[in-house]
Colleague: 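Here you go, one structure.
Remember, it's a predicted structure, so these values are computed and weren't measured experimentally. Per chain, numbering begins at 1; letters A, B, ... match sequence-line order.
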Amino acid sequence: MPELPEVETVRRGLLPVMEGEQVRRVVLHRRDLRFPLPDDFEARIEAATIESLDRRAKYMLAHLSNGNVLLMHLGMSGRFIIHRHDETAAAGSFYHRTASDTTPKAAKHVHVVFEMASGDIIEYADHRRFGVMDVFPRAQLSSHKLLEKLGIEPLGNELSGTFLNEAFRGKKAPLKAALLDQHIVVGVGNIYACEALYRAGLSPRRMSNTITSRSGTTARAERLADTIREVLQDAIAAGGSSLRDYVNADGELGYFQHAFDVYDRAGEECRREGCSGTIGRIVQSGRSTYFCPVCQR
DNA sequence: CGGGACTCCTGCCAGC
DNA sequence: TGCTGGCAGGAGTCCC
């Protein structure tokens, strides 16, 4: 599932075909993603050059030379498929179709196509249509509804035990729910919330305020801040090192399945040295939580 | 205002 | 074999 590391890896996969490149044409097969695409979506993008492709939380932000910003969110099933322009292809073939024609899963659900001036084609497929795209003037960036209330980035200097101590003071929601709350720390989804809590040895059911104190920080808050960052960094490193696999032969930027310690491991042995626990699964706010009831307290 | 339930959507898989 | 129901999950919205 696309959490921050997957979005970051997809962003890096898109850089070579997007950054510094001009969009020739935008083709929409349907406009109803999670929110309807604005009527002027194509017009705001066509002929513009993508000056940079950034990430904020789980959103990718393409800054366009015409002053607009293209916002893209993968939702749960969003995928990009890259068709590199094949210069060795026979004249007349605009781009080299690959085996993705035979990958019905993604090909069937291509909703947005960016035809680049380079000849490269970038397709966005999203069978569940939980993904989001929008285009708006750069001046509206900080006030954009989807961006303005986002919490801090987990990979920067802001995330610390002190920050979590402050954010979780007086917060009664379980730690798992607090980690999923994008208004506090962004980028953590269901999988990495489980993994971070496991590494921190904290129960997902523990009330958030129980890892805080009036003194400004606690050992548990420090530890959790560290494991959030580590879990995400490790996943990005794994995604980056496997980028060639990640951008598969079909040009599809898929989600690399990382090796998880607890996620989807219900009934299996806890991997912590000296722990004899068995990974359990519970449901919290409608979502599966995996954890070790023995070493997570 | 905080927190939980509900909602969007479709593919997939277990179970009958 | 084919249908059904449950599950997956990011995040906005609604309601208590």
Colleague: Just to verify, which of A/N68, A/D39, A/D134 counts as forming a side-chain hydrogen bond (donor to acceptor under 3.5 Å, both in side chains) with A/R44?
Modeller: A/N68
Colleague: Roughly, in whole Å, what's the span from NZ in A/K176 to P in B/dG3?
Modeller: 16 Å
Colleague: On DNA chain B, nearest-nucleotide positions of A/G170 versus A/R34: which is more 5'?
Modeller: A/G170
Colleague: If we check side chain to side chain contact (heavy atoms under 4.5 Å, CB included) with A/M116, which of these qualifies: A/I82, A/I50, A/I121?
Modeller: A/I50
Colleague: For C/dA11, does either OP1 or OP2 sit under 4.0 Å from a side-chain N or O belonging to A/H73?
Modeller: yes
Colleague: A/Q182 has an atom CD; how far is it from atom P of C/dT13, in whole Å?
Modeller: 15 Å
Colleague: Would you say A/S77 reaches B/dT10's phosphate, i.e. side-chain N/O to OP1/OP2 under 4.0 Å?
Modeller: no
Colleague: Using a cut-off of strictly less than 4.0 Å, decide whether A/R281 has a side-chain nitrogen or oxygen near OP1 or OP2 of C/dA8.
Modeller: yes
Colleague: Pick base, sugar-phosphate or nothing for A/R129, based on heavy-atom distances below 4.0 Å to the nucleic acid.
Modeller: sugar-phosphate
Colleague: Could you tell me how far apart A/D126 (CG) and C/dA11 (P) are, to the nearest whole angstrom?
Modeller: 13 Å
Colleague: Would A/R199 and A/D234 count as a salt bridge (charged side-chain N to carboxylate O under 4.0 Å, His left out) if you check the C-alpha gap in whole Å, the side-chain angles of each, and the deciding distance to 0.1 Å?
Modeller: CA-CA 12 Å; A/R199 286 200 197 184; A/D234 287 355; 2.9 Å; yes
Colleague: Hey, does A/L180 reach any base, or is it just sugar-phosphate, or nothing, if we go heavy atoms under 4.0 Å?
Modeller: nothing
Colleague: So if I take every side-chain heavy atom of A/A173 and compare against C/dA11, B/dG3, C/dA8, which nucleotide ends up nearest?
Modeller: B/dG3
Colleague: Give a yes or no on whether the backbone of A/A178 and the side-chain of A/S208 come within a donor-acceptor separation of less than 3.5 Å.
Modeller: no
Colleague: Could you check A/E153 against A/R56 for salt bridge (charged side-chain N to carboxylate O under 4.0 Å, His left out), going step by step and ending with a plain yes or no?
Modeller: CA-CA 8 Å; A/E153 287 288 329; A/R56 168 75 173 112; 2.9 Å; yes
Colleague: If each of A/K172 and A/F130 is mapped to the nucleotide of DNA chain B with the nearest heavy atom, which maps nearer the 5' terminus, i.e. the 5' end?
Modeller: A/K172
Colleague: Measure from CG on A/L33 to C1' on C/dG12 and round the result to the nearest Å.
Modeller: 16 Å
Colleague: If I take atom CG in residue A/N209 and atom P in nucleotide B/dG3, what distance separates them, rounded to the nearest angstrom?
Modeller: 9 Å
Colleague: Please report, rounded to the nearest Å, how far the P atom of C/dG10 is from the CG atom of A/N190.
Modeller: 6 Å
Colleague: What is the separation between atom CD on A/Q284 and atom P on C/dC7, rounded to the nearest whole Å?
Modeller: 16 Å
Colleague: Would you indicate what A/K171 reaches in the nucleic acid, counting non-hydrogen atoms under 4.0 angstrom: base, sugar-phosphate, or nothing?
Modeller: sugar-phosphate
Colleague: At less than 4.0 Å, is any side-chain N or O atom of A/H127 found next to OP1 or OP2 of B/dC12? Yes or no.
Modeller: no
Colleague: Rounded to whole Å, please give me the gap between NE2 in A/H109 and C1' in B/dC9.
Modeller: 10 Å
Colleague: Is a donor-acceptor contact shorter than 3.5 angstrom present between the side chain of A/R128 and the base of C/dG10?
Modeller: no
